[in-house]
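FYI, side chains are in, hydrogens and waters are out, and symmetry mates aren't considered; it's all heavy atoms of this structure. Order of the sequence lines fixes the chain letters, A, B, ..., with proteins taken first and strands second; residue numbering starts at 1 for each chain.
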Number of protein chains: 2
Amino acid sequence: MVEQKLKTKNRSPGRPSRTGAFGNVSDLRDSILDHAELAFAEAGFEGANLREIASLAGVNQALIRYYFGSKADLFDECFRRRGGLLAGHRHVNLDRLLEISENPSVEDLVYAYLKPQWDMKYSSPNGAAFVAMQARLHAEPEEHALRLRREIYDASVKRYISALSQVLPQVPKDIISVRMAFLVGAYLFMLNDLGRIGDLTEGHLTSFGKDEMLDQLVRFLAAGLRAPA
Amino acid sequence: MVEQKLKTKNRSPGRPSRTGAFGNVSDLRDSILDHAELAFAEAGFEGANLREIASLAGVNQALIRYYFGSKADLFDECFRRRGGLLAGHRHVNLDRLLEISENPSVEDLVYAYLKPQWDMKYSSPNGAAFVAMQARLHAEPEEHALRLRREIYDASVKRYISALSQVLPQVPKDIISVRMAFLVGAYLFMLNDLGRIGDLTEGHLTSFGKDEMLDQLVRFLAAGLRAPA
DNA sequence: ATGTTAATTATTCATTTGAATAATAACAAG
DNA sequence: CTTGTTATTATTCAAATGAATAATTAACAT
């Protein structure tokens with residue numbers, strides 16, 4: 001049996017010195033969030049474990065409580081941090097599109113919506129973790145998960161629905177809404193599952209680059225949105 | 001404090017009598033599976049709890065072990081039971097379609113693929129639970145989850161890809177494969193999320209009946225599949 | 001009759017886990 | 001300099017939980 005101590009860093013208790021060359025006060029707070037993100041993505045809410053998060057983040061477990069409160073609170077904070085960013089990017093992208101032209105193409109709108117999360121996924125391991133976290137959240141039936149999603153995403157989704165509705169006057173708005181839900185399902189699934197799509201393609205997949213895959217998705221979804229009602 | 005005993009049924013230990021008017025030997029086994037299905041759907045693998053499953057199924061916890069082994073084994077068995085059924089239905093549906101005509105419509109193919117799970121969802125609370133379970137499984141990154149999915153679904157999915165490829169000769173097969181993944185994402189998400197699509201539609205949704213929703217999805221996906229490559 | 005096997009419960013075990021509390025050090029303010 | 005506040009660790013608590021074992025009883029074969 002190896003002495004599995006899961007030791008925390010060799011910092012002494014008490015308020016940390018700010019004199020060090022590095023080390024802003026809230027470094028540890030961020031570190032906790034980063035590692036929590038990874039843990040929740042890998043193991044889900046129940047499966048993630050505070051001791052391990054603390055250990056990997058190099059802090060004492062009680063510090064999590066100090067900063068965030070309960071495990072659920074930590075999860076929420078994780079989610080809000082990046083989720084807010086995402087929603088923001090989507091708003092900005094839409095603003096830009098509408099600035100350029102009154103009637104952007106369906107493809108442009110879909111792309112503007114998808115690109116931010118796509119980029120996030122490939123920007124860093126933590127970005128990818130967030131995508132996985134989100135996919136899991138969408139599969140969870142709990143009331144709480146639902147509220148979180150609403151809080152963070154609803155506003156921007158509704159704006160895209162309106163914009164799509166304007167460029168697709170043949171399609172009634174409530175049908176656009178439903179199709180937007182299909183869109184979210186397809187892209188979340190794909191983004192989270194990308195590594196495995198290969199299973200179905202018998203090896204042909206390697207010919208697709210990442211960006212090409214996004215293009216494929218946009219084309220598929222745009223065609224679906226345009227379908228005659 | 002309420003006496004929370006989570007008592008098991010008042011059955012005596014020992015081999016059960018087969019003489020009763022009802023009660024085949026494996027009644028209890030099935031009851032365990034049914035309640036496990038519900039529990040896994042609601043709480044996920046980690047969140048589900050064997051004591052509670054046993055209690056609700058009206059059996060002793062050790063009986064779960066006796067029949068299934070570990071918690072993970074129980075999960076797998078749950079999944080295989082209905083997953084196998086589903087895959088079977090899909091095969092049958094495809095066979096029928098191809099019997100009628102060499103070149104069925106894309107809509108028919110998509111419908112044939114989606115309908116079995118759609119029906120399962122609305123056939124019973126347990127059917128709905130299975131759908132939720134499956135949505136969760138797809139969001140889980142574990143190697144094990146992946147193997148399960150492959151084992152149960154890959155064969156039928158590949159058949160549908162081939163069939164689609166034949167009726168859509170303009171679209172290269174590897175693109176069909178990718179689009180099929182989009183399809184799975186959209187429909188799984190929608191099926192699991194149906195109750196909440198209302199959030200995005202500002203109340204208009206109530207005008208859709210269940211069947212109409214399925215039609216909408218089929219139309220959307222068929223259009224996506226047909227999109228020029 | 002009798003011993004064997006199958007199905008079932010009762011009980012115990014060991015570990016994990018989230019939460020809580022107590023201790024401690026740096027810094028700021030009066 | 002004393003006192004209070006903030007950030008951090010060490011330690012403890014209590015509950016939950018999956019697994020394991022032991023006990024019991026009925027059916028069945030010989």
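- Considering all non-hydrogen atoms of both residues, Phe68(A) and Asp73(A) come closest at O-CB, 3.0 Å.
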Going 5' to 3' through nucleotides 11-19 of chain D, assign each nucleotide B (protein heavy atom under 4.0 Å from a base atom), S (under 4.0 Å only from sugar-phosphate atoms) or - (no protein heavy atom that close). ------BBB
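- Leu28(A) has its CG atom 7 Å from the P atom of dT9(D), to the nearest Å.
- Applying the side-chain contact (heavy atoms from CB on, under 4.5 Å) test to Ala43(A) and every residue at least two apart in sequence or in another chain returns nothing.
- The side-chain contact (heavy atoms from CB on, under 4.5 Å) test applied to Phe45(A) returns Phe40(A), Lys71(A), Ala72(A), Phe75(A), not counting sequence neighbours.
- Annotation: side chain to side chain donor-acceptor pair (under 3.5 Å) contacts of Asp34(B) (sequence neighbours excluded): Arg81(B).
- The side chain of Tyr67(B) has dA7(C) as its nearest neighbour among dA7(C), dT9(D), dT8(D).
- Residues that satisfy the side-chain contact (heavy atoms from CB on, under 4.5 Å) test with Arg65(B), not counting sequence neighbours, are absent from this structure.
- Going from atom CG of Asp73(A) over to atom C1' of dA19(C) covers 13 Å, rounded to whole Å.
- Side-chain N/O atoms of Tyr66(B) include none lying less than 4.0 angstrom from OP1 or OP2 on dT8(C).
- We find that CG of Asp27(B) is positioned 14 Å from C1' of dT8(C), with the value rounded to whole Å.
- Rounded to whole angstrom, the span from the CG atom of Leu63(B) across to the P atom of dT24(D) amounts to 18 Å.
- For Ala39(A), the side-chain contact (heavy atoms from CB on, under 4.5 Å) partners two or more places apart in sequence, or in a different chain, are Ala48(A), Ile53(A).
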